[in-house]
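All of these numbers come straight from a predicted model, not from anything done at the bench. All chains are named by letter (A, B, ...) in the order of the sequence lines, taking the proteins before the strands, and each is independently numbered beginning at 1.
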Protein chains: 2
Amino acid sequence: MKSKPTSFDIAYRAGVSQSTVSRALRNSPLVNEETRQKVQAIAKELNYKVDKNASNLRSQHSSTLALLLFEDPTNDDSFINPFFLSMLGSITKACSDKGYDLLVSFQQMNDDWHAEFEDSNKADGIILLGYGDFVDYEEKLIQLIEQDTRFVRWGADVESLPIVSVGCDNFHGGYQLTEHVIMNGKKYFAFLGEASSHAPEFYQRYLGHCKALADNNLVVDKSLQNDAFSTEESGYQAAAKLIESGKSFDCIFGASDLIAVGAMRALQDKGYKVPEDVAVIGFDDIPMASFTFPPLTTAKQNTKLAGELLVESLIKVINGEEVKTTLMPTSLIVRNSCGS
Amino acid sequence: MKSKPTSFDIAYRAGVSQSTVSRALRNSPLVNEETRQKVQAIAKELNYKVDKNASNLRSQHSSTLALLLFEDPTNDDSFINPFFLSMLGSITKACSDKGYDLLVSFQQMNDDWHAEFEDSNKADGIILLGYGDFVDYEEKLIQLIEQDTRFVRWGADVESLPIVSVGCDNFHGGYQLTEHVIMNGKKYFAFLGEASSHAPEFYQRYLGHCKALADNNLVVDKSLQNDAFSTEESGYQAAAKLIESGKSFDCIFGASDLIAVGAMRALQDKGYKVPEDVAVIGFDDIPMASFTFPPLTTAKQNTKLAGELLVESLIKVINGEEVKTTLMPTSLIVRNSCGS
DNA sequence: ATCCGAAAAGCTATCTATTGCAAAAATATT
DNA sequence: AATATTTTTGCAATAGATAGCTTTTCGGAT
């Protein structure tokens, strides 16, 4: 059983000092080209790999980013919101492009997640990802700031705090989507999803939605807004409740695709035709959105770009550069669930 | 700018030695209860966190597992197979349950991925996840074994090598699925997906499929087997080719849900009715499978269990315990695409 | 009061690489 | 040839914890 070689083993074989080995392997200009070649060749031959723990300890940075994915605690834990899964994919890719490793962790809101990774030096910075009630974790964000933790978050800009966020223009997306359906002749809109500052993303979508209605001289009927979490089940329930209430409407705006999909199913179960009787629109453009029947009209969030922006912003934060919060545009994806 | 506290700071304030702090924080029985309380209180107050790099370096293990997700290089990189995404979710959860952190990395086959993490001591072990041509990376697996790297992989058992795998019973799944459709009266089966040892998962599904046909006195028509990668696009293409060939068939077995979904779309584009004219079945039960039109009949791989088994097995491997390769059963999910 | 053993705490080497500074070697300048 | 420069290399300190071994403490036995 051979144990792993250390830089001393390389040094011994190369007939140089251990520090030279360290320099040679990191392509330091302080070492002669010829020596470098020799050292690197021996390192390769012995299949030597720099011990990251020792390296990180000495240099005090880890070339690792941590991703904290926190989900709505109401969500059962067997199912992860596909939108985040797709973000996770793009973040992973972006990290690897930038030469960083990625530590992934799922957390519940109530956990003591704040700063765990950065404080323990396992990661140089943290990406916070999750929908959710901002108020729930505002105090934790404040702690992060006080501890000088380097992090960025996905979501709406937090004006009250100096936090770098990357989010998408939920307001505009809601506006655009609503406007489109109005053009298709629908007039009585229901909105499924919490519309309060507790759910900033959903709220912005709702506000955009309301603005579009107002701009087109349509009434905003607050009784047609029902709370829902971002799960299919919750969307189903909310829609069922809406239907039972006997109010009339000809479009349901699901605050997320998952809600919309649930709503669509509820409508169809009750014998409504989508989109003829009731149009349905969602938000996110998760992979399954194009496979529902009818395919779901939605506002696409560009997860690839989002992941890249999050990673790039975080790296800048780590390097002490000035970074501004970014707002990405959404794009309207017209499929069939809205009538055209 | 206060710098992070070290165990010496705690020791100073607590009036004890640094080693005592270390012991107290790790709940070593070698330290007095009272002292422990005091030390832990101070640590909490100063918001002290053990430096993982130092700790890992000294103790030579990291409480971190690495997940290497390698995808078929034919896949464009913007889209990750949803099945793996869902595995990733369950692996993350399982790791956190077991007190391990998870490093995630996506790799291309050709990369020098083998052992990167374990050799560099960033992770105690590696989970290898990916469909794919086993032959492509067999030599890398051999290297891993030679280097004494601790790892487990997702996939079919590799009889020729001492590797711990966790996989699902693809053969039985293929059998069960095919049998079900035969009961629904279909007789002429096409299979989309590579059916060779280069794609062991697909191959096993194919073999199970063939066995079911044979057991029911149906002919296996090899000309109805077409290669396809696990993407919707590839499934679409393969189905289109099949249709153009003019051969007759009344069921398409997609080697994965993604292939099946693509095939279904191709059929519908050409005016076929699913399942009346042609039944379609898939494999995996990815989230979107229940949202296609018609909803897809498929064999579910229990990703939650799979993730747990992978993590548990790897931890055992790391601890030097004996572990056997596991084969998980699949479950038949009957929806509408198969005729009932 | 003395001695013994267990419990608790301390001392110091160790883990492996990085880095500032000093020393040596190689090259350039006068 | 002697001195000044510039390149390379080596030495030793350092990063922050863990662990083996030693010492101190303290209640109980003699």
Starting from P on dG16(D), measure out to CG on Asp119(A) and report it in whole angstrom. 14 Å

Option from Asp97(B), Val152(B), Leu65(B) for which side-chain contact (heavy atoms from CB on, under 4.5 Å) with Val311(B) holds: Leu65(B)

Nearest-Å distance for atom pair NZ/P, residues Lys122(B) and dA17(C): 15 Å

Do Ser19(A) and Arg23(A) have side-chain atoms, one donor and one acceptor, less than 3.5 Å apart? no

Are the side chains of Leu129(A) and Leu67(A) in contact, using a 4.5 Å heavy-atom criterion? yes

Atom CD of Glu34(B) with >12 non-hydrogen neighbours under 6.0 angstrom: no

Ser7(A) side chain vs Val21(A) backbone, donor-acceptor pair below 3.5 Å: no

What is the distance, rounded to the nearest whole Å, between atom NE2 of His61(B) and atom C1' of dA17(D)? 12 Å

Provide the closest heavy-atom pair for Lys316(A) versus Val323(A) in the form atom of the first, atom of the second, distance. CB-CG2, 3.5 Å

Whole-Å gap separating P (dC15(C)) and NZ (Lys49(A)): 22 Å

Please evaluate residues Thr92(A) and Leu69(B) with respect to the criterion side-chain contact (heavy atoms from CB on, under 4.5 Å), reporting the C-alpha separation (whole Å), side-chain torsions for both, the decisive distance (0.1 Å), and the verdict. CA-CA 10 Å; Thr92(A) 308; Leu69(B) 215 170; over 6 Å; no

Contact list (N/O, under 3.5 angstrom) for nucleotides 24-28 of chain C vs protein:
none

Considering residues at least two apart in sequence or located in another chain, which fulfil the side chain to side chain contact (heavy atoms under 4.5 Å, CB included) criterion with Ser55(A)? Val50(A), Ser59(A)

Taking CD from Glu34(B) and C1' from dC26(D), how many angstroms apart are they, rounded to a whole number? 14 Å

Check each residue of residues 19-33 of chain A for a non-hydrogen atom within less than 4.0 Å of any atom in DNA chain D, then write out the ones that pass by number, or none. Ser19(A), Thr20(A), Arg23(A), Leu30(A), Val31(A), Asn32(A)

Do Phe151(B) and Ile145(B) pass the side-chain contact (heavy atoms from CB on, under 4.5 Å) test, and can you show the C-alpha distance, the side-chain angles, and the key distance before you say yes or no? CA-CA 9 Å; Phe151(B) 71 100; Ile145(B) 296 170; 4.2 Å; yes

Is the phosphate of dA9(C) approached by Ser17(B) (side-chain N or O, under 4.0 Å from OP1 or OP2)? no

In this structure, how many angstroms lie between the C1' atom of dT14(C) and the CD atom of Gln18(A), rounded? 14 Å

Closest approach to the side chain of Gln60(A), judged atom by atom: which nucleotide of dA17(C), dA17(D), dG16(D) is it? dG16(D)

Please identify each residue that fulfils side chain to side chain contact (heavy atoms under 4.5 Å, CB included) with Gln40(B), with sequence neighbours left out. Leu25(B), Asn27(B), Arg36(B)

Could you tell me if Lys122(A) and Thr64(B) have a donor-acceptor pair between their side chains, going purely by distance under 3.5 Å? yes

Kindly say whether Ser165(B) contributes a backbone atom to a donor-acceptor pair with the side chain of Thr325(B) at under 3.5 angstrom? yes

Could you tell me whether Glu321(A) atom CD has more than 12 heavy atoms of other residues or ligands within 6.0 Å of it? yes

Looking at dC15(C), dA17(C), dG10(D), which one has an atom nearest to any side-chain atom of Thr6(A)? dA17(C)

Compare all side-chain heavy atoms of Asn121(B) with those of Asn56(B) and state whether any distance is below 4.5 angstrom. no

Any residue in residues 51-59 of chain A with a heavy atom nearer than 4.0 angstrom to DNA chain D? Just list them by number, or reply none. Leu57(A), Arg58(A)

Is the shortest side-chain N/O distance from Tyr48(A) to OP1 or OP2 of dT16(C) below 4.0 Å? no

The bend of the helix from dA1(C)-dT30(D) to dT30(C)-dA1(D), taken between the axes of its five terminal pairs at each end and rounded to 10°, is 50°

